[in-house]
Amino acid sequence: MPAWMVFAYAGAMVVAGVVRYLTLERAKILREIRRHPVVSIKDAADGEVVRLIGTATADGDTLLAPLTDRPCLAWQVLVWKRVEGNNHPVKCLDAADSVPFLLVEDGAEQWRATAARIAKQSLDLALQQDAALRAGAGNPDTLLRWEAMPHSIDEARLISFLDGRGVDGSEAFQACEAVLEPDERVTVVGKARWRAASSGGGGYRGGEHALYIENMDDGRLLISDEPKAT
């Protein structure tokens, strides 16, 4: 087998491993999300785990995605590196951040009366990956379809981002970024907590209470903008 064919095959195997990881991890979260029936905010029972669907809306400041500078409510960056003698990539970074935001129910006439506040806590994100970079030489035409994404990542910026987190950026082979942008459709699974409404509004039940979605007892809060979940 010619050397270039071996290189192409090995590269394809590594990329396939990344795609498989993304597919399996995301599918696991999506399965758990779909296991919970969708409820409306008004029917969310205090202390119970609920699943809500609506529009993610900023409730104050937003974030900038670290690799693409996109305003967002949550972001996630996944990075893999090659390991000698291993056809499958090794994940070397899984970083994420978020800000509190509102989930506005569909068809809400007075949206602040039908919005739940999503806390900034430990999140399990199943977001659509829409920015990617594959480092190293190779024919771009051979890259897998998932890399043909609407946003690109600058390699120098990625290396700086990794170096700032104690990861050797020169070892990065594959990276992708996902964001939850304002006004995206989203589904959230977490524990419902009714609290006294703040002076800024956002209450329900006569304006006296506001619904907060917090981590479940296992410490997770599931969020996805995948069409299959929303």
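We're numbering straight along the sequence, starting at 1. Just so we're clear, the structure is a prediction, and the values are computed from it rather than from any experiment.
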Qualifying residues under side-chain hydrogen bond (donor to acceptor under 3.5 Å, both in side chains), relative to Thr55, sequence neighbours excluded:
none

Hey, could you give me the CD/CG distance between Gln76 and Asp124, rounded to the nearest 0.5 Å?
9.0 Å

Closest non-hydrogen contact found for Ala44 with Trp194 is O-NE1, 2.8 Å

By side-chain contact (heavy atoms from CB on, under 4.5 Å), which residues pair with Leu64, not counting sequence neighbours?
Asp69, Pro71

Does Asp217 have any side-chain contact (heavy atoms from CB on, under 4.5 Å) partners at least two apart in sequence or in another chain, and if so, which?
Lys191

Side chain to side chain contact (heavy atoms under 4.5 Å, CB included) assessment of Val77 paired with Leu67
CA-CA 8 Å; Val77 172; Leu67 303 182; 3.9 Å; yes

So, taking the atom named CH2 in Trp75 and the one named CG in Leu125, what distance separates them when rounded to the nearest 0.5 Å?
10.0 Å

Taking only residues two or more places apart in sequence or in another chain, which ones pass side-chain hydrogen bond (donor to acceptor under 3.5 Å, both in side chains) with Glu32?
Arg220

Going by heavy atoms in the side chains, are Ile223 and Phe101 under 4.5 Å from each other?
yes

Identify the heavy atoms of Ala56 and Leu73 that sit nearest to each other, and give their distance.
CB-CD1, 3.6 Å

Run through the side-chain heavy atoms of Ile, Leu, Val, Met, Phe, Trp and Tyr, join any pair under 4.5 Å, and report what else lands in Ile53's cluster.
Val38

Supply the atom-to-atom distance Leu127 CG to Asp225 CG, rounded to the nearest 0.5 angstrom.
4.5 Å

Let's go through Leu221 and Ile118 carefully: what are the C-alpha distance in whole Å and the side-chain angles of both, what is the deciding distance for side chain to side chain contact (heavy atoms under 4.5 Å, CB included) to 0.1 Å, and is it a yes or a no?
CA-CA 9 Å; Leu221 178 63; Ile118 312 303; 3.9 Å; yes

Report yes or no: does Asp59 contribute a side-chain atom to a donor-acceptor pair with the main-chain N or O of Pro100 at less than 3.5 Å?
no

Drop me the distance from Asp43's CG to Leu211's CG, to the nearest 0.5 angstrom.
11.0 Å

Rounded to the nearest 0.5 Å, how far does CZ of Arg193 lie from CG of Asn215?
11.5 Å

Side-chain heavy-atom pair Leu93, Phe161 within 4.5 angstrom cut-off
yes

Can you see which heavy atom on Arg157 is nearest to which on Ala65, and at what distance?
NH2-O, 4.3 Å

If you compare all heavy atoms of Ala126 against all heavy atoms of Ser224, which two are closest, and at what distance to 0.1 Å?
O-OG, 2.7 Å

The criterion is side-chain contact (heavy atoms from CB on, under 4.5 Å); which residues satisfy it with Asp61, sequence neighbours excluded?
none

With a 4.5 Å cut-off on side-chain heavy atoms, are Val79 and Leu158 touching?
yes

For Ile41, does its backbone N or O pair with a side-chain atom of Glu105 as donor and acceptor, under 3.5 Å?
yes

Between the CD atom in Gln174 and the CD1 atom in Ile153, the distance rounded to the nearest 0.5 Å is 9.5 Å

For Thr62, check side-chain hydrogen bond (donor to acceptor under 3.5 Å, both in side chains) against everything at least two apart and list the hits.
none

Trace of the side chain to side chain contact (heavy atoms under 4.5 Å, CB included) decision for Asp97 with Leu63
CA-CA 8 Å; Asp97 197 8; Leu63 296 168; 4.1 Å; yes

Applying side chain to side chain contact (heavy atoms under 4.5 Å, CB included), run through Arg117 and Arg195 and close with a yes or a no.
CA-CA 11 Å; Arg117 283 182 166 80; Arg195 295 178 178 172; over 6 Å; no

Distance-only check: which donor-acceptor pairs under 3.5 Å involve side-chain atoms of residues 180-190, not counting sequence neighbours?
| unit_1 | atom_1 | unit_2 | atom_2 | d |
| --- | --- | --- | --- | --- |
| Glu184 | OE1 | Glu181 | N | 2.7 |
| Arg185 | NE | Thr230 | O | 2.7 |
| Arg185 | NH1 | Asp106 | OD1 | 3.2 |
| Arg185 | NH1 | Asp106 | OD2 | 2.6 |
| Arg185 | NH2 | Asp106 | OD2 | 3.2 |
| Arg185 | NH2 | Thr230 | O | 3.0 |
| Thr187 | OG1 | Arg51 | NE | 3.3 |
| Thr187 | OG1 | Leu52 | O | 3.1 |

